[in-house]
Chemist: 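Right, I'll just put the structure down here and ask away after.
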Amino acid sequence: MSQDHSTVLQSIARRAMVQYGLEPDWPAAADAELAHLGRPLEAGLRDLRALPWSSIDNDDSRDLDQLEVCVSNGVERVLVAIADVDALVVKGSALDAHAQANTTSVYTPAHVFAMLPPQLSTDLTSLNADEDRTAIVVDMSIGADGTLAASDVYRAVVRNHAKLTYAAVGAWLEGAGPTPQALAAVPGLDEQVRLQDRLASMLRSRRHEEGALDFDRTEVKPVLSDGAVSELRTEEPNRARDLIENFMVAANGVTARFLSAHDFPSLRRVVRAPERWPRIVDLARQYGTTLPATPDAPALEAFLRARRAAAPDDFADLSLSVIKLLGRGEYVAEGPANRSSLHFALAVSNYTHSTAPNRRFPDLVTQRMLKAAIETRPAPYALPELTGLAEHCTKQEDAANKVERLVRKAAAALWMSSRIGQEFNAVVTGASAKGTWVRTERPPVEGKLEQGAEGLDVGDRLRVRLVSTDPERGFIDFVRVR
């Protein structure tokens, strides 16, 4: 292939965006709006700039959606500040229309198709270090057993005192790395982050006692160097990622309950009870565990926890199999009195997305609802409009996932092209009338099983041989060896 990998992947990504009904470029009207935007700070908001706020995100993240801080003065409090994107992206504007069209940022190895222009998402509406910003603050009091004792949601002015990263903070918390420079530069911030880690651990323990599922969250990220795919890097979960995840889950739950308490409808995030529960039961039986005949999150979590402890090296494959069998999440619109929605994997009802308004449109919708509730204004979205948005956001999220998956597979195909004929240990990740898919163990690459799929189901292990790759189509094909 004469073109460099970066050019190939960008071309594949743009075609996939159009193919799946997403807009790869901002319209001229949005650019025109952007040219006239400023960033005035509102008067009369709570001033929380003196608190030791910090952000923790990926090394290359510039669209900072949230800050965190903890207060311990007799009552343990976790505060999450969420970027006030609605202050500049007004409902009904051209910028809003583009955000609503795509509903999410799309992340590919060669290019990021951001939901909002970088001038907003990485600058004016980003909670950047050493900048005063307006925010929505979710304020949570945590009991000694990790339960939520009290909560509130309000608007405030905040200031990010340190931009931290998952890799550096995670290694430091785990005793495997030095104090990050950005952390050491702010007096007392090390103790602040340790307090955050302690409270996040309490929240996490409580969640898992209630049945929240603990999966392996290892991700494979293609790395481009000098225009070529040089590596398929495995990004492992760590305590910094767990810290942020637990704070975000708690904040999202508080947000949903706050809207219900103010008699507002909302967009809920749902993972329904799995239709393929019998196959999950079969998988557990292979490991000597009997699960109930009907979906039971606490029982499944106990099984996963036991397998992680018994065979940590094999847990990633089991975890992936269960995730595939659980099915995807979706958005639903519900009125304030309706508590039927369930997030099976988190073992919670009344859950929404609110903490990433620079990257996800449902979070921006939720933010507008929160601001109206705080200011005792009418809801900016009625339930019928939210119902249409829920269906659209679910559809576009699925489209974005297809684009990201296709480009990741194209990058993997480029990297694997020199390995045709090699054999690998693998696990079945998908089995349907459309075909059977497997993921190799090392490196963790997913492809289609073109021969020998008879009788296989998700979670089965086998030996495969790589027979062909087609980067332009994102194809990686295997045959069964035994």
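Only this structure's heavy atoms are used, side chains among them; waters, hydrogens and symmetry mates stay out. Residue numbers run from 1 in the order of the sequence given.
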Chemist: Does a side-chain heavy-atom distance below 4.5 Å link L326 with F215?
Modeler: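 L326 vs F215: side chains touch.
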Chemist: So which atom in L259 and which in P265 form the shortest heavy-atom distance, rounded to 0.1 Å?
Modeler: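 Scanning both residues completely, I find the closest heavy atoms to be CD1-O, 4.4 Å.
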Chemist: Between CZ of F315 and CZ of R307, what distance do you get to the nearest 0.5 Å?
Modeler: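 Separation between the atoms: 9.5 Å.
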Chemist: Show your reasoning for whether salt bridge (charged side-chain N to carboxylate O under 4.0 Å, His left out) applies to E334 and R268.
Modeler: CA-CA 7 Å; E334 291 193 353; R268 308 285 173 85; 3.2 Å; yes
Chemist: Is the closest side-chain donor-acceptor distance between Q10 and S6 under 3.5 Å?
Modeler: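 Distance-only check passes for Q10 and S6.
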Chemist: Would one find more than 12 heavy atoms of other residues, nucleotides or ligands at under 6.0 Å from atom CZ of R473?
Modeler: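 Not more than 12 within 6.0 Å, no.
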Chemist: Is the shortest side-chain heavy-atom distance between L267 and V332 below 4.5 Å?
Modeler: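 Side chain of L267 against side chain of V332, heavy atoms only: no contact under 4.5 Å found.
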Chemist: What is the distance from atom NZ of K434 to atom NZ of K448, rounded to the nearest 0.5 Å?
Modeler: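 If I round to the nearest 0.5 Å, the distance is 10.5 Å.
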Chemist: Will you find, in the side chains of T352 and S266, an N or O donor that is under 3.5 Å from an N or O acceptor?
Modeler: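 No pair is found: no donor N or O on one side chain lies under 3.5 Å from an acceptor on the other.
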Chemist: Is the shortest distance from a Lys or Arg side-chain nitrogen in E423 or R463 to a carboxylate oxygen in the other one below 4.0 Å?
Modeler: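 R463 and E423: salt-bridged.
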Chemist: Mind listing the closest non-hydrogen atom pair of L9 and P109 along with its distance?
Modeler: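 It is CD1-CB, 4.5 Å.
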Chemist: Do R49's NZ or CZ and the ring of W53 fall within the cation-pi criteria of under 6.0 Å and 45°?
Modeler: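 No cation-pi geometry.
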Chemist: Quick one about N246 and R207 (side-chain donor to acceptor, distance below 3.5 Å, no hydrogens or angles considered), yes or no?
Modeler: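 Yes, N246 and R207 have a side-chain donor paired with an acceptor closer than 3.5 Å.
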Chemist: When you compare the side chain of I420 with that of V467, does any pair of heavy atoms fall below 4.5 Å?
Modeler: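 The answer is no, as the side chains (C-beta and beyond) never meet within the 4.5 Å cut-off.
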Chemist: More than 12 heavy atoms of other residues, nucleotides or ligands under 6.0 Å from CZ of R461: yes or no?
Modeler: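 Result for CZ/R461: enclosed.
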Chemist: Can you confirm whether more than 12 heavy atoms, excluding those of D226, are under 6.0 Å from its CG atom?
Modeler: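 For D226, atom CG is not crowded (no more than 12 foreign heavy atoms under 6.0 Å).
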Chemist: As an exercise, state the distance from NE2 of H5 to OG1 of T7, rounded to the nearest 0.5 Å.
Modeler: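 That separation rounds to 10.5 Å.
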Chemist: S354 and side chain to side chain donor-acceptor pair (under 3.5 Å): which single residue from T366, D65, N252 fits?
Modeler: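 Among the candidates, only N252 passes.
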Chemist: Consider only side-chain N and O atoms of D57 and S55, and report whether a donor and an acceptor are under 3.5 Å apart.
Modeler: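 Their side chains do not contain a donor-acceptor pair, so the 3.5 Å distance test is not met.
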Chemist: Could you verify whether a donor N or O on one side chain and an acceptor N or O on the other, from D63 and T122, lie under 3.5 Å apart?
Modeler: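 Per modelled atom types, D63 and T122 side chains form no pair under 3.5 Å.
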Chemist: Let me see the working for H392 and Y331 under ring-ring contact (aromatic ring centres under 6.0 Å, His included), right down to the final yes or no.
Modeler: CA-CA 9 Å; H392 176 67; Y331 294 101; over 10 Å; no
Chemist: Does K395 count as lying over the ring of Y20, i.e. NZ or CZ under 6.0 Å from the six-ring centre, within 45 degrees of the axis?
Modeler: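 Here K395 fails the 6.0 Å and 45° test against Y20.
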Chemist: Would you call V138 and F258 a side-chain contact if the rule is heavy atoms closer than 4.5 Å?
Modeler: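 Not in contact.
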Chemist: For the pair R241 and E219, find out whether any cationic side-chain nitrogen is under 4.0 Å from an anionic carboxylate oxygen.
Modeler: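 Between E219 and R241 there is no salt bridge, as every charged N stays at least 4.0 Å from the carboxylate O atoms.
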Chemist: In Å, rounded to the nearest 0.5 Å, how long is the span from CG of L414 to OG of S230?
Modeler: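 It comes to 12.0 Å.
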Chemist: To the nearest 0.5 Å, tell me how far L173 CG sits from N238 CG.
Modeler: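 L173 CG to N238 CG: 8.0 Å, rounded to 0.5 Å.
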Chemist: Kindly say whether V85 contributes a backbone atom to a donor-acceptor pair with the side chain of Q367 at under 3.5 angstrom?
Modeler: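 Between the backbone of V85 and the side chain of Q367 there is a qualifying donor-acceptor contact (under 3.5 Å).
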Chemist: More than 12 foreign heavy atoms under 6.0 Å from NZ of K91: is that the case here?
Modeler: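 Yes - once you tally the heavy atoms of other residues, nucleotides and ligands closer than 6.0 Å, there are more than 12.
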Chemist: Once rounded to the nearest 0.5 Å, what's the spacing between atom CD1 of I244 and atom OG1 of T355?
Modeler: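 With rounding to 0.5 Å, CD1 (I244) is 9.5 Å from OG1 (T355).
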